[in-house]
Amino acid sequence: MWGNAFTACARASGTGRDSDPGEKRGVGAVSSPTFNGMNPPAASGFRRTAITALLERVVATTPVIDIHTHLYDPLLGGLLWGMDDLLIYHYLAAEAFRYLEEPPEEFFTRPKTEQADRIWHELFLAHSPVSEACQGVLTTLHRFGLDPHVRDLPALRAWFAQWPLETHVSRTLEIANVAKVYMTNSPFDDAERAVWEKGFLRDERFVAALRIDPLLVDWPGAARRLSDWGYNVGEGLSASTCGEVRRFLADWTRRLDARYVMVSLPPDFAFPASSDTAQLIERVVLPHCQELGLPLALMLGVRRAVNPRLQLAGDGVGRSDLSALARLCEGFPQNRFAVTVLSRENQHELCVLARKFRNLHVFGCWWFTNVPVLIEEITRLRLELLGLSFTVQHSDARVLEQIIYKFDHTRRILVKVLADRYAELAATGWETTEAEVRRDVRELLGGGFERFCQPAA
Ligand code: FIX
Ligand code: ZN
């Protein structure tokens with residue numbers, strides 16, 4: 001298969017060199033001998049080009065399953081989209097506050113368009129938009145065929161505003177080549193809860209994940225709410241209270257048809273422990289997940305409200321103690337854990353843990369690690385330590401159109417990183433077919449995660 005791509009490429013480049021002896025044996029085969037057991041030569045420049053060309057095609061055409069977002073089924077409500085939402089995304093707001101003179105409290109009282117105007121001015125006009133979040137806006141506009149160079153914000157706004165949401169959702173998913181989107185669904189969100197309770201016609205491209213942060217990080221507050229909703233819970237975690245919390249989780253898992261349960265936790269999360277968080281995980285969440293055959297997704301290492309004045313943009317990062325995760329994976333082999341870590345310093349340890357525990361699935365380059373330099377480093381590390389048994393990326397998109405840039409940027413990096421791995425294989429004579437490459441890429445872009453979510457037979 002490299003051979004076909006190689007041949008086409010060589011013809012196109014006018015070299016006429018289309019009869020590499022290696023092609024006859026198979027496309028990955030080396031054409032020159034190894035040197036007495038010494039390191040084999042790297043894949044030739046021609047072969048490397050062919051590998052890259054094939055990967056570009058395969059990676060671009062493999063639909064992504066986006067396993068964690070903050071996007072919503074259009075009929076559920078709450079879906080953010082359009083130019084202003086793209087600009088006021090908290091990743092950009094955090095960067096704009098570095099330049100803005102205005103205190104954040106005043107900024108947040110302004111209408112959305114004014115906030116967007118200010119961010120546009122600071123990050124796109126007064127300075128060049130070189131950060132990843134800014135680049136993301138430009139990639140997105142570019143993929144819609146818009147020309148951001150004209151720097152005409154009202155015209156860009158008007159372009160988005162003309163589309164009916166349904167059409168725009170479909171087109172955006174198509175451009176991003178995203179087949180399925182996992183939402184973040186919280187029964188603790190009043191607006192969202194009301195719609196679930198009433199019921200609505202589900203869009204099958206949007207699947208649910210049950211988010212339970214308030215339950216695990218603020219038990220007293222959650223207990224009051226559960227009690228208001230008719231669950232017979234007390235303040236302490238007695239056996240009967242735990243049973244009622246399980247009933248709550250079961251009700252919501254069914255109502256949402258949730259595919260996994262999810263929480264983000266701070267760097268000091270410890271397990272086992274006597275804290276409410278650890279007790280609830282051990283006595284309620286894990287038995288619930290086991291009973292219903294659902295993975296528990298853990299996002300580890302977020303320090304909430306490091307600067308509360310910045311609202312959503314004010315969260316930070318800390319290095320987690322992953323011995324807590326090791327205890328979970330070891331102590332609960334019947335449970336499955338899908339995990340991403342926010343700190344760069346935790347990435348290596350997470351991979352090593354995943355080598356020890358097959359009930360641990362590593363996913364995504366979360367938030368502050370979703371920048372090209374770290375996506376590349378982390379993806380190389382994972383491929384080298386875990387092979388293909390992880391999920392490269394989730395978008396974490398809060399605004400619909402962001403799925404375009406998040407996966408465009410990741411796809412570009414994935415081509416580069418995989419090309420290196422397959423070229424190394426080719427240099428040893430290992431032949432990889434196009435079908436095998438397609439299988440591998442599917443696995444990395446969400447296929448492996450979906451299989452991990454299936455309850456064991
Ligand atoms: O906890 C999460 O799901 C985080 O992804 C968010 O809280 C965060 O604000 C975010 O959008 C990161 O990308
Ligand atoms: Zn998120």
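Heavy atoms only: backbone and side chains are in, while hydrogens, waters and symmetry mates are out. Order of listing sets the numbers, starting from 1, for every ligand and every atom in it. Just so you know, residue 1 is the first one in the sequence shown, and it goes up from there.
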Near the Zn ion (ligand 2), protein N/O/S count under 2.8 Å comes to 3
Hits for side-chain hydrogen bond (donor to acceptor under 3.5 Å, both in side chains) against Ser275, two or more places apart or cross-chain, chain-then-number order -> none
From the list Arg118, Arg110, Arg157, salt bridge (charged side-chain N to carboxylate O under 4.0 Å, His left out) with Asp84 holds only for Arg157
| Does Arg304 reach ligand 1, in the sense of a heavy atom lying below 4.0 Å from it? | yes
| query | Going by distance only, is there an N or O of His70 that falls short of 3.5 Å from an N or O of ligand 1? | reply | yes
Under 4.0 Å from one or more heavy atoms of Ser264, ligand 1 contributes atoms 1 (O)
Those residues at least two apart in sequence (or on a different chain) that pass side-chain hydrogen bond (donor to acceptor under 3.5 Å, both in side chains) with Arg327 are Glu330
So the side chain to side chain donor-acceptor pair (under 3.5 Å) pairs with at least one residue in residues 346-356 (sequence neighbours excluded) are Gln347-Arg382
closest protein heavy atom to atom 4 (C) of ligand 1 is Trp366 NE1, 3.5 Å
Restricting to heavy atoms, the pick from Arg211, Lys406, His394 nearest atom 2 (C) of ligand 1 would be Arg211
* To do: Could you tell me whether Glu197 atom CD has more than 12 heavy atoms of other residues or ligands within 6.0 Å of it?
  => yes
Q.
Any atom of ligand 1 sitting under 4.0 Å from a heavy atom of Met262?
A. no
Taking only non-hydrogen atoms of Arg398 and a 4.0 Å limit, the atoms of ligand 1 in range are 6 (C), 7 (O), 8 (C), 9 (O), 10 (C), 11 (O)
